[in-house]
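Take a look at the structure set out below.
Atoms within each ligand, like the ligands themselves, are counted from 1 in listed order.
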Amino acid sequence: MERTLSIIKPDGVKKNIIGEVIKRFEEKGLRIAALKMIKMSREDAKGFYIVHKERPFYESLTSFMSEGPVVVMVIEGESAITKVREIMGATNPKDAAPGTIRADFASDIEHNIVHGSDSKESASYEIPYFFSALEIK
Ligand code: UDP
Ligand code: MG
């Protein structure tokens with residue numbers, strides 16, 4: 001059993017597809033172990049994406065991620081990290097496989113609807129960034 005952190009980004013919340021995204025995870029046998037809607041400050045978003053701090057898109061990405069509410073959730077299941085990444089699709093929607101969330105809903109490489117931890121190491125930083133142990137059931 002594995003846990004991963006997923007975020008429905010501000011564009012996903014604005015597009016009214018919170019239910020659609022969660023349904024795609026649940027119908028693949030994954031379980032929502034924690035969930036809340038929050039609005040990140042610029043500093044919150046910068047801390048979350050600290051691994052990307054040297055990348056050219058860091059300023060724009062962290063501005064976008066703090067522009068409106070997001071839904072953060074802990075997703076649990078067998079190979080949850082890989083499964084969530086498969087359901088999401090590639091970072092750039094132009095490269096995302098048909099039927100993935102990003103292929104179906106993302107408008108561009110930055111505004112791509114959803115986040116998912118890319119490794120166990122990332123998940124172990126990202127889950128406690130938003131949730132205490134008591135909030136994960
Ligand atoms: N991103 C961007 N431009 C790029 C690459 C990434 O704006 O050239 C944004 C995009 O929102 C992406 C996030 O930065 O989801 C984190 O990038 P990463 O490479 O970790 O992609 P992900 O793991 O989300 O697929
Ligand atoms: Mg990533």
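For the pair H111 and ligand 1, no heavy-atom separation below 4.0 Å is found. Distances from ligand 1 to the non-hydrogen atoms of H52 include at least one value under 4.0 Å. Residue contacts with ligand 1 do not include D118, since none of its heavy atoms lies under 4.0 Å from the ligand.
The CZ atom of R42 sits 5.0 Å away from atom CD of E59, with the distance rounded to the nearest 0.5 Å. Note: I7 CD1 to F130 CZ = 4.5 Å, rounded to the nearest 0.5 Å.
Within ligand 1, the atoms closer than 4.0 Å to a non-hydrogen atom of L61 are 9 (C), 11 (O), 13 (C), 14 (O), numbered from 1 in the order shown. Interface of E110 with ligand 1, defined as ligand atoms under 4.0 Å from a residue heavy atom, comprises 7 (O), 10 (C), 11 (O). Of all atoms in ligand 1, numbered sequentially from 1 with element shown, those under 4.0 Å from a heavy atom of K9 are 10 (C), 11 (O), 12 (C), 15 (O). Close contacts between ligand 1 and N112 involve ligand atoms 10 (C), 11 (O), 12 (C), 15 (O) [criterion: under 4.0 Å to a heavy atom].
Residues S60 and E110 approach most closely at OG-OE1, 2.5 Å, considering heavy atoms.
A donor-acceptor distance shorter than 3.5 angstrom exists from the side chain of R85 to the backbone of G116, with no hydrogens or angles considered.
Look at E135 and K36 and you find a salt bridge, because one of the NZ, NE, NH1 or NH2 atoms lies within 4.0 Å of a carboxylate O, short of that distance. Under 4.0 Å is where a charged nitrogen must lie from a carboxylate oxygen, and between E78 and R31 no such pair does.
In this structure, the protein non-hydrogen atom closest to atom 25 (O) of ligand 1 is T91 OG1, 2.6 Å. For atom 10 (C) of ligand 1, the closest non-hydrogen atom of the protein is I109 O, 3.2 Å.
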